[in-house]
Amino acid sequence: YDCYKIKPVPTTLYPKIDIETFSVPGGATVIKDGKVISPFEMSPGTQQVFLQVENRGFFTQKDTRVRFEGLPNGVTVTVLPETQVIKAHNLGTYSATFTIGPNVPSGTYLVTMIAYSPNGMFDKITFEFVVQ
C-alpha cells in the first residue's frame, strides 16, 4: 500500500449561487428572496422582466448564466447579459425579454428558472407561467 500512488480526488467547490428575484417592472414580483410569491402572467406580445442572482459564496463566479426550461412552444426568452462575473456576496442582475407568439394556447405552465455555469447547475426555481 503506497499512499503516494493514490490519485487525488478532484475537489468540487459548491458555489452558493442562489436565484433571488424575478420581477416585472411596475407589475408582479414572481420570485422574492428565493421564494415564489406569485405566478408570472402574460398576454401574447413581449414583456421585459428583471432577474437577480446572488453569490452567497466566498469565490467570484466568472461565468454565471440564467435560462428557462418548460416554456410552451411559441414562447421565447432572451436573457442579457448572457453571462456575468459575480463577486462573492454580490448580486448579478439580468434583463429577460419574454415573447409569446399569437398561437400559444392560454393556460398555466410550469416553468423552471435555472442559474448555472458551464460547470453545472447552481439553483433552480419552478413557478407558474400563465398565458392569458
ILVMFWY network linking Met113 to Val79, side-chain heavy atoms under 4.5 angstrom: yes
Close side-chain approach of Leu51 and Val49, heavy atoms under 4.5 Å: yes
Residue of the set Phe129, Phe50, Phe127 for which ring-ring contact (aromatic ring centres under 6.0 Å, His included) holds with Phe22: Phe127
Beyond-backbone contact of Asp33 with Glu20, side-chain heavy atoms, under 4.5 angstrom: yes
Close side-chain approach of Thr21 to Lys32, heavy-atom, < 4.5 Å: no
Candidate pair Thr97 and Gln47, rule side-chain contact (heavy atoms from CB on, under 4.5 Å), full reasoning: CA-CA 6 Å; Thr97 303; Gln47 174 67 61; over 6 Å; no
Exercise: do Thr64 and Gln84 side chains pair donor with acceptor under 3.5 Å: no
Electrostatic pair Arg65:Asp63 at N-O distance under 4.0 angstrom: yes
Sidechain-backbone polar pair: Asn55 side chain, Gly57 backbone, donor-acceptor under 3.5 Å: yes
Donor-acceptor pair, side chain of Thr126 and main chain of Thr112, under 3.5 angstrom: no
Verdict with reasoning, Thr93 to Gln52, per side chain to side chain donor-acceptor pair (under 3.5 Å): CA-CA 5 Å; Thr93 301; Gln52 282 191 314; 3.1 Å; yes
Atom CD of Glu82: over 12 foreign heavy atoms under 6.0 Å: no
Pairwise side-chain contact, Phe98 with Leu71, heavy-atom cut-off 4.5 Å (strictly under): yes
ILVMFWY cluster, Val130 and Ile100 together (side-chain gap under 4.5 Å): no
